[in-house]
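Heads up: numbering here begins at 1 and tracks the sequence.
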Amino acid sequence: MGSPPPPRTREPENLDEVDTSADVETSSAPPSPSSDLHATSTSPRASSDSSPPFWLTRHDRSISTVSYQSIVETRPAPISLEDHSSASHEQSSGCWARSVTVDDYVIVSGPTGIGAYLVWNCSVATLKGGVMCIRKRYSEFDQLRNNLIKAFPYSEASIPPLPRKSVVSRFRPEFLEHRKNGLNHFMNCILLNPEFAASPILKDFIFF
């Protein structure tokens with residue numbers, strides 16, 4: 001007997017029966033980074049889950065705090081101006097000087113010239129037309145300022161500082177001219193202030 005004929009291979013009747021295992025393996029492979037980038041760029045809109053937090057925050061305009069407070073809070077009372085220049089007003093009664101000037105200085109020294117010091121000549125014009133001439137040392141101006149600060153602690157900002165001291169330059173003309181201008185400014189701020197002018201501290205400085 002001869003050998004049996006080899007089995008015939010069955011041909012698939014349609015393409016659905018073709019083995020697609022290779023295609024399955026190909027589709028299960030991880031996508032390449034370039035394909036993900038392309039897919040992301042072509043998507044119409046990113047999902048809210050993958051969006052940065054600041055994309056999801058709404059930046060709506062709100063009422064300004066300052067504007068809101070200016071609307072709801074009560075405004076302060078308007079500033080009222082009062083004329084205290086009348087001679088009958090109680091504050092005007094404290095003003096008795098019209099002007100004050102520091103004119104010049106005199107160097108006072110002993111026979112040997114040791115212990116020399118300066119005396120400042122000041123002119124005070126009163127509202128009644130009289131003029132008083134007083135002579136004061138720098139230390140007396142300094143004492144006047146300290147006494148005023150103690151008596152009027154809440155008005156210290158209205159009391160200007162005195163010109164600086166100097167041991168080396170105290171007799172130099174440039175230094176003395178600067179000191180004279182500083183003392184002149186100090187006396188005008190003190191003597192023409194009704195609060196200070198009515199004080200016994202200033203009257204003792206002027207008349208004694």
Side-chain angles (χ1 to χ4, degrees), residues 66 69-70 72-208:
V66 179
Q69 291 180 353
S70 62
V72 299
E73 293 184 358
T74 305
R75 294 186 178 182
I79 299 175
S80 59
L81 301 179
E82 298 180 0
D83 184 10
H84 294 172
S85 60
S86 174
S88 59
H89 197 276
E90 60 180 358
Q91 290 190 0
S92 297
S93 60
C95 295
W96 53 270
R98 183 184 302 274
S99 63
V100 55
T101 57
V102 179
D103 303 318
D104 53 11
Y105 58 87
V106 176
I107 299 178
V108 180
S109 60
T112 60
I114 299 176
Y117 61 92
L118 276 83
V119 175
W120 296 91
N121 297 320
C122 306
S123 300
V124 180
T126 65
L127 294 176
K128 296 182 179 181
V131 178
M132 295 182 299
C133 296
I134 59 176
R135 302 177 68 183
K136 297 293 180 179
R137 297 181 60 177
Y138 179 87
S139 58
E140 295 177 278
F141 290 101
D142 191 28
Q143 186 63 38
L144 170 64
R145 186 178 186 275
N146 293 333
N147 292 338
L148 289 174
I149 291 176
K150 293 178 182 179
F152 304 95
Y154 299 103
S155 301
E156 185 176 355
S158 301
I159 304 175
L162 291 175
R164 64 182 180 87
K165 299 179 181 180
S166 177
V167 178
V168 178
S169 306
R170 59 176 182 169
F171 294 126
R172 293 181 180 178
E174 297 83 2
F175 174 79
L176 294 176
E177 183 66 23
H178 180 269
R179 172 168 284 190
K180 185 182 79 169
N181 296 333
L183 293 176
N184 193 34
H185 173 70
F186 170 79
M187 287 302 299
N188 277 274
C189 292
I190 299 302
L191 198 58
L192 303 183
N193 188 319
E195 185 178 20
F196 302 144
S199 171
I201 298 175
L202 185 59
K203 291 182 179 180
D204 291 342
F205 175 81
I206 297 294
F207 298 105
F208 297 101

Set of ring-ring contact (aromatic ring centres under 6.0 Å, His included) partners for [X], sequence neighbours left out:
{"X": "Phe207", "answer": "Trp96"}
{"X": "Phe141", "answer": "Phe205"}
{"X": "Phe196", "answer": "Phe152"}

Determine the minimum heavy-atom distance between [X] and [Y], stating which atoms define it.
{"X": "Ile190", "Y": "Pro160", "result": "CD1-CD, 4.4 Å"}
{"X": "Thr101", "Y": "Asn184", "result": "CA-OD1, 3.4 Å"}
{"X": "Leu183", "Y": "Leu162", "result": "CD2-CD2, 4.0 Å"}
{"X": "Ala97", "Y": "Val124", "result": "CB-CG1, 4.1 Å"}
{"X": "Lys165", "Y": "Tyr138", "result": "CE-CE2, 3.4 Å"}
{"X": "Arg137", "Y": "Val119", "result": "CG-CG2, 4.2 Å"}

*Which pairs count as salt bridge (Lys or Arg N to Asp or Glu O under 4.0 Å) when at least one residue sits in residues 170-179, sequence neighbours excluded?*
Glu177-Lys180
*How would you list all residue pairs meeting ring pair (Phe, Tyr, Trp, His ring centres under 6.0 Å) that involve residues 157-179, not counting sequence neighbours?*
none
*Mind checking side chain to side chain contact (heavy atoms under 4.5 Å, CB included) for Asn146 and listing every partner two or more places apart, or none if nothing turns up?*
Asp142
Who passes side chain to side chain donor-acceptor pair (under 3.5 Å) against [X], sequence neighbours left out?
{"X": "Asn147", "value": "Gln143"}
{"X": "Asn181", "value": "none"}
{"X": "Asn193", "value": "none"}

So how far is it from [X] [atom1] to [Y] [atom2], rounded to the nearest 0.5 Å?
{"X": "Leu192", "Y": "Ser99", "atom1": "CG", "atom2": "OG", "result": "7.5 Å"}
{"X": "Glu140", "Y": "Ile134", "atom1": "CD", "atom2": "CD1", "result": "9.0 Å"}
{"X": "Leu144", "Y": "Leu202", "atom1": "CG", "atom2": "CG", "result": "6.0 Å"}

*Mind jotting down which residue pairs meet the side-chain hydrogen bond (donor to acceptor under 3.5 Å, both in side chains) criterion with at least one end in residues 152-164? Sequence neighbours excluded, please.*
Ser155-Glu195
*Provide the full list of side-chain hydrogen bond (donor to acceptor under 3.5 Å, both in side chains) pairs with a residue in residues 114-131, sequence neighbours left out, each pair given once.*
Asp103-Ser123, Asp104-Asn121, Asn121-Arg135
*Kindly say whether Val100 contributes a backbone atom to a donor-acceptor pair with the side chain of Asn188 at under 3.5 angstrom?*
yes
